[in-house]
Amino acid sequence: MRSQRARRTPLGATLALVAAFALVGCGNSTSDTTAADSPAAASSSAPAPSVIVEDAWVRATKGTKDTSMTAAFMSLTNPGDTDITLTSASSATAPMVQLHEMVMGTDGAMMMQQVEGGFVIPAGGHMHLEPGGNHVMMMGLTKELAPGDEVSFTLTFSDGSTQEITAPVKEFTEEEPHYHESEGADMNMSESPSS
């Protein structure tokens, strides 16, 4: 009797071990699938922003003649291999936001106008939105913007991506006191910094 029991015990133990290994194997495959489908794994494979936005800031209006208008400036870099266009911008701070450029008027004076089609950021290149040049124009402000305030706005690009930007408000005294006086306003370029 003892010899029969001795034979049966190893067989039972072997079956138990096989069952345990089978369960562990199933457990590993399930955990692998779960890890691959987890939000952390999905976020790690999410694409990077198509355009890198840096050094964004907004011109202060406090102390200017027309506090209803201002402009936002920034550096836009396109690390990809396809041109991307900044097509529009919007902000809760201003009911009207447009993309503007500075052009030479027929009288030889610089003036600003809305850009049709937006700003193209070349593949592998960058463009600067800066005082005296291309900028995001914000009109219809309901309150003054003082240095130290912040303004949030949304940029929309031709590839369908958007970026939420929060920019500090800074004073800019090297320009005309009423730089953005009105649509199509002239600007004395001799008092603005060179680009």
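The shown structure was predicted, so the numbers you read here are calculated from the model rather than taken from an experiment.
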>> For E171 versus P147, what's the shortest heavy-atom pair and its separation?
In response: CB-CG, 3.9 Å
>> Tell me whether L99 shares a hydrophobic cluster with M127, the cluster being built from Ile, Leu, Val, Met, Phe, Trp, Tyr side chains joined at under 4.5 Å.
In response: yes
>> Would you say that L141 contacts T61 through its side chain, given a criterion of any heavy-atom pair below 4.5 Å between the two side chains?
In response: yes
>> Under a 3.5 Å distance rule, please check whether S91 uses its side chain to pair with a backbone N or O of T93 as donor and acceptor.
In response: yes
> Is any side-chain heavy atom of H135 less than 4.5 Å from a side-chain heavy atom of M112?
Replying inline: yes
>> Applying side chain to side chain donor-acceptor pair (under 3.5 Å) as the test, list every pair that has at least one member in residues 136-149; sequence neighbours left out.
In response: none
> Short question: side chain of E164, backbone of S152 - any donor-acceptor pair under 3.5 Å?
Replying inline: no
> Got L145 and V151 here, is their nearest side-chain heavy-atom distance under 4.5 Å?
Replying inline: yes
> Just by distance, do the side chain of N134 and the backbone of L129 share a donor-acceptor pair under 3.5 Å?
Replying inline: no
> What is the distance from atom CZ of F153 to atom CD of Q163, rounded to the nearest 0.5 Å?
Replying inline: 10.5 Å
>> For I84 versus S50, what's the shortest heavy-atom pair and its separation?
In response: CD1-CB, 3.6 Å
>> Using side-chain heavy atoms (C-beta onward) and a distance below 4.5 Å, is L86 in contact with V51?
In response: no
> Is a donor on one side and an acceptor on the other found under 3.5 Å between the side chain of T85 and the backbone of V120?
Replying inline: no
> Can you tell me how far the CE atom of M137 sits from the CD atom of E101, to the nearest 0.5 Å?
Replying inline: 13.5 Å
>> What's the separation between atom CG in D159 and atom CG in D83, rounded to the nearest 0.5 Å?
In response: 11.5 Å
>> On a heavy-atom basis, which atom in A56 and which in I165 lie closest, and how many Å separate them?
In response: CB-CG2, 3.9 Å
> Looking at side-chain heavy atoms only, is the closest gap between P79 and I52 below 4.5 Å?
Replying inline: yes
> Are side-chain heavy atoms of M74 and W57 found at a separation under 4.5 Å?
Replying inline: no
> Rounded to the nearest 0.5 Å, what separation is found between the CZ atom of F157 and the CG atom of L76?
Replying inline: 5.5 Å
> Counting only N and O atoms by type, is there a donor-acceptor contact under 3.5 Å from the side chain of H100 to the main-chain atoms of Q98?
Replying inline: no
>> Within this structure, what is the CE-CE distance for the pair M69 and M138, rounded to the nearest 0.5 Å?
In response: 12.5 Å
>> Can a donor-acceptor pair be found, under 3.5 Å and without considering hydrogens, that links the side chain of T70 to the backbone of R59?
In response: yes
>> Going by the rule side chain to side chain donor-acceptor pair (under 3.5 Å), which residues pair with S90 if we only count those two or more places apart in sequence or in a different chain?
In response: none
> Quick one: NZ on K170 to CZ on F73, what's the gap to the nearest 0.5 Å?
Replying inline: 11.5 Å
